[in-house]
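What follows is a short report on a single structure.
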Amino acid sequence: GAVVSQHPSRVICKSGTSVKIECRSLDFQATTMFWYRQFPKKSLMLMATSNEGSKATYEQGVEKDKFLINHASLTLSTLTVTSAHPEDSSFYICSARASGRYSYNEQFFGPGTRLTVL
Amino acid sequence: GDSVTQMEGPVTLSEEAFLTINCTYTATGYPSLFWYVQYPGEGLQLLLKATKADDKGSNKGFEATYRKETTSFHLEKGSVQVSDSAVYFCAQAGGTSYGKLTFGQGTILTVHP
């Protein structure tokens, strides 16, 4: 149980294009999902908190117009990197917090999406 | 604010050696504590957790005890294997962070045969 998937696992795009990354909770409902960015050999940086049916809350320094987050259902959140540039290349990881049988503070992580912008 | 400090890596060990990765935290309130493991090219997997003082989390031979008096959650394993080579993250949630996870900087572990 508590499986989170991400799609795609890898994406390569040209500079200036937009890329959408999906995060799905496969066997539980997630009222809250989180999006992280991980630089090589670095820890995870929380970008935003996504609550189903409401606007995402972005961390300080994260451009909300560049990183669009939509959490339209209890099992799906999407991150769209708009007008991507090479400096947006990174490993993006989502996590989901399950309601119900899991402890409130426990998050389940997706396998990550490697974005490369040429 | 809430923070997590992990021992600097990288850590290199021979197979069957004893492992300790230190982790300390600062928090207002009583956070839950976690160790996550990240294998090359993959996302994070929960390794173990503890939700209150003196709890011991354990999994796959790894252990960590929630020590409120020293604000620590050190990860230990008695005999490491090559397959344990990965990056290990200590994290906390709760306290003043309202459920957000605060991660340590990660410790790279390499185990040689």
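Below, each value reflects all heavy atoms present in this structure, side chains not excepted, and no hydrogens, waters or symmetry copies. First the proteins, then the strands, lettered A, B, ... as listed; each starts at 1.
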Q: Look at A/R24 together with A/E22 and state whether they make a salt bridge at an N to O cut-off of under 4.0 Å.
A: yes
(Q) Please find the pair of heavy atoms, one from A/P8 and one from A/K20, that lie closest to each other, and give the distance. (A) CD-O, 3.9 Å
Q: Identify the residues of residues 105-113 of chain B whose heavy atoms come closer than 4.5 Å to a heavy atom of chain A, ordered by number, or report 'none'.
A: B/Q105
Q) What part of B/Q38 gets closer than 4.5 Å to chain A, counting heavy atoms only: side chain, backbone, both or neither? A) side chain
Q) What residues form a salt bridge (Lys or Arg N to Asp or Glu O under 4.0 Å) with A/K66, not counting sequence neighbours? A) A/D88
Q) Just checking, is any N or O donor in the side chain of A/N70 or A/T78 under 3.5 Å from an acceptor N or O on the other one? A) no
Q: Determine the interplanar angle of the A/Y36 and A/F109 rings, folded into 0 to 90°, and report it as parallel if under 30°, tilted if 30 to 60°, perpendicular if over 60°.
A: tilted
Q: Would you list the pairs meeting side chain to side chain donor-acceptor pair (under 3.5 Å) in which at least one residue belongs to residues 77-87 of chain B, sequence neighbours left out?
A: B/K77-B/D84
**Q.** Linked hydrophobic residues, A/W35 as query - side chain contacts closer than 4.5 Å
**A.** A/V11, A/V19, A/I21, A/M45, A/M47, A/Y58, A/V62, A/F67, A/I69, A/L79, A/V81, A/Y92, A/L115, A/V117
**Q.** A/Q6, part contacting chain B, at a heavy-atom distance under 4.5 Å
**A.** neither
Q) Where does B/L46 contact chain A at under 4.5 Å (heavy atoms): side chain, backbone, both or neither? A) side chain
